[in-house]
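Data block below; observations after.
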Amino acid sequence: MKGLELSEKYYNAFGKEMIEKNFPSLKGRVAAGLVGQGSECLGFDDNISKDHDYGPSFCLWLTREDYQVYGKALAEEYRKLPKDFEGVKGRLESLHGGGRVGVLCIPDFYYGLLGTEGVPKDNREWMKIPETALCTATNGEVFEDPLGEFSAIREGLLSYYPEDVRIKKIAARAAFMAQSGQYNYARAMKRKELVAAKLALAEFMSNTISMVYLLNKRYMPFYKWSHRGMRELPLLSEIGDILHLLAAMEEQSGAWEGTKETDYLYTLNGNDKCVVIIEAVCNLVLQELAAQGLTEGEDNFLESHTMGMMDKIKDPYIRSLQVMEG
């Protein structure tokens, strides 16, 4: 059984009654669900995931005022709930798995993940928050939220980055994709620096995945699940399959035999299959950038499009940031 399904069943079986019976004054004031860290919150959990931080559990989110009055007592009652449920053993927490479920204070929950107690107030605050943190704060499911305070913040975050922030991050990803994949991978291979070449490919894949999420206006999950999550994106999900090919590609040193160290970047080595894949990925990204009105150029070298995208940013502070920042 998936963790989200187990969590909701467990809450309906025991959580509701616990609140209604022992804390009648909290009825209609507690948000319940499962959101935060862990593959189960993304719906990506499997049998491998069940060795840690998996088991019957849920989150109860209270306003600060209610938490101060009822938090300790409610947490004590939560700990008394049956540990095993639906044939699933009680939750086995890992070393850093504590505090993910149970009774939580709404502003503290968001602050712990984002560094802010609610929706960021301006573009500067939005820029400081990593994509993966925003994904963690908005994943999972809210089973019920009668007051709506938890969900109001959640919906504000799910409205996504302000457009100036999104464009800034897209420009940064384009710059990193160009630098790592279209430029430094080839230079490292010419120098026979295989470790540097592998690192360049890793940087390229990481920034490409982030780019695809940004173009979809979806927050990217923690790196372990970022590629898996691409399957569910409406735009450019095929890039996930292409990156799988790139990751599985055999080492390409033989393609660089006989090439000169002075060969310039734009003399692409089509004998290197990684180069061919990188250019194909960049072409797909370029087409989507054009479709979203973020560039009018046709040069496949993504760095050529970064300054044009920066010029589209209206906020003078965001526009003044170094192109790779963000």
Side-chain angles (χ1 to χ4, degrees), residues 3-4 7-8 11 15 19 23 26 28-45 53 57-75 78 91 93-94 96-166 168-169 210 213-214 217-226 229 318 326:
L4 280 171
S7 177
E8 186 168 13
Y11 170 71
I19 295 170
F23 302 92
L26 281 178
R29 299 188 59 79
V30 182
L34 185 65
V35 176
Q37 297 172 321
S39 57
E40 68 275 13
C41 295
L42 293 165
F44 296 162
D45 51 312
D53 302 321
S57 57
F58 51 80
C59 300
L60 296 175
W61 295 286
L62 278 64
T63 64
R64 185 175 298 285
E65 294 74 21
D66 287 343
Y67 185 82
Q68 289 173 345
V69 175
Y70 301 104
K72 184 176 180 180
L74 185 57
Y78 178 91
R91 182 180 176 92
E93 289 189 348
S94 62
H96 302 291
R100 295 183 181 184
V101 295
V103 181
L104 305 163
C105 176
I106 293 173
D108 291 348
F109 172 82
Y110 282 111
Y111 186 85
L113 295 175
L114 305 175
T116 179
E117 294 184 352
V119 180
K121 299 179 181 65
D122 54 36
N123 287 339
R124 293 191 186 207
E125 282 196 10
W126 277 105
M127 283 292 297
K128 294 177 183 178
I129 304 175
E131 298 162 74
T132 55
L134 286 160
C135 178
T136 301
T138 56
N139 62 19
E141 292 182 14
V142 178
F143 307 147
E144 60 181 13
D145 184 9
L147 278 182
E149 290 200 20
F150 182 85
S151 297
I153 299 172
R154 180 179 175 87
E155 292 304 316
L157 296 171
L158 285 170
S159 295
Y160 206 65
Y161 288 119
E163 187 63 0
D164 278 354
V165 174
R166 186 177 83 105
K168 177 67 194 73
K169 288 179 175 293
S210 176
Y213 278 93
L214 287 162
K217 297 186 179 180
R218 302 276 183 88
Y219 296 124
M220 181 178 69
F222 179 60
Y223 78 90
K224 181 171 66 172
W225 298 112
S226 59
I318 302 298

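Everything numeric in this text was worked out from a predicted model, so none of it was measured.
S226 places none of its side-chain heavy atoms less than 4.5 Å from the side chain of T132. Counting heavy atoms from C-beta on, the side chains of K217 and E163 come closer than 4.5 Å. Side chains of P120 and L157 form a contact here, defined as non-hydrogen atoms less than 4.5 Å apart. Between Y67 and I106 the shortest side-chain heavy-atom distance does not fall below 4.5 Å. Taking the side chain as every heavy atom from C-beta outward, L74 and D66 never approach each other to under 4.5 Å. Using a 4.5 Å heavy-atom cutoff, the side chains of Y70 and V30 are not in contact.
For the atom pair D164 CG and K168 NZ, the distance stands at 11.5 Å (nearest 0.5 Å). Interatomic distance, L104 CG to L62 CG, rounded to the nearest 0.5 Å: 9.0 Å. Interatomic distance, Y11 OH to C59 SG, rounded to the nearest 0.5 Å: 12.0 Å. Annotation: the span from D45 atom CG to L4 atom CG amounts to 7.0 Å, rounded to 0.5 Å. The CD1 atom of I129 sits 10.5 Å away from the CG atom of L113 when rounded to the nearest 0.5 Å. Here CD1 of I153 is found 8.5 Å from CD of E117. Values are rounded to the nearest 0.5 Å.
Of all heavy-atom pairs between S39 and W225, the closest is CB-CZ2, 3.5 Å. Of all the heavy atoms in S151 and V142, the pair that sits closest is OG-CG1, 4.0 Å. Shortest non-hydrogen contact noted between M127 and G326 is CE-CA, 3.8 Å. Scanning all heavy atoms of the two residues, the minimum distance from V35 to E141 falls at CG2-O, 3.8 Å. The nearest pair of heavy atoms linking R154 to A137 is NH1-O, 4.1 Å. The shortest heavy-atom contact between Y160 and W126 is O-CH2, 4.0 Å.
Although no hydrogens or angles enter the test, the distance criterion places a donor-acceptor pair under 3.5 Å between the side chain of N139 and the main chain of G36. Using modelled atom types, no side-chain atom of S7 and backbone atom of G3 make a donor-acceptor pair closer than 3.5 Å. Side-chain N or O atoms of Y78 include one that pairs as donor or acceptor with a backbone N or O of F58 at under 3.5 Å. Put simply, the side chain of Y110 gets close to the backbone of F150: a donor and an acceptor are under 3.5 Å apart. Using modelled atom types, one side-chain atom of R166 and one backbone atom of L214 make a donor-acceptor pair closer than 3.5 Å. Counting only distance, with no hydrogens or angles, the side chain of Y213 and the backbone of E131 share no donor-acceptor pair below 3.5 Å.
Between E125 and K128 there is no salt bridge, since no side-chain N of the basic residue sits under 4.0 Å from a carboxylate O of the acidic one. Ion pairing between a basic and an acidic side chain is recognised when a charged N comes within 4.0 Å of a carboxylate O; E40 and R100 show no such pairing.
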Under the side chain to side chain contact (heavy atoms under 4.5 Å, CB included) criterion, do R64 and D108 qualify, and how do the steps go?
CA-CA 8 Å; R64 185 175 298 285; D108 291 348; 3.0 Å; yes

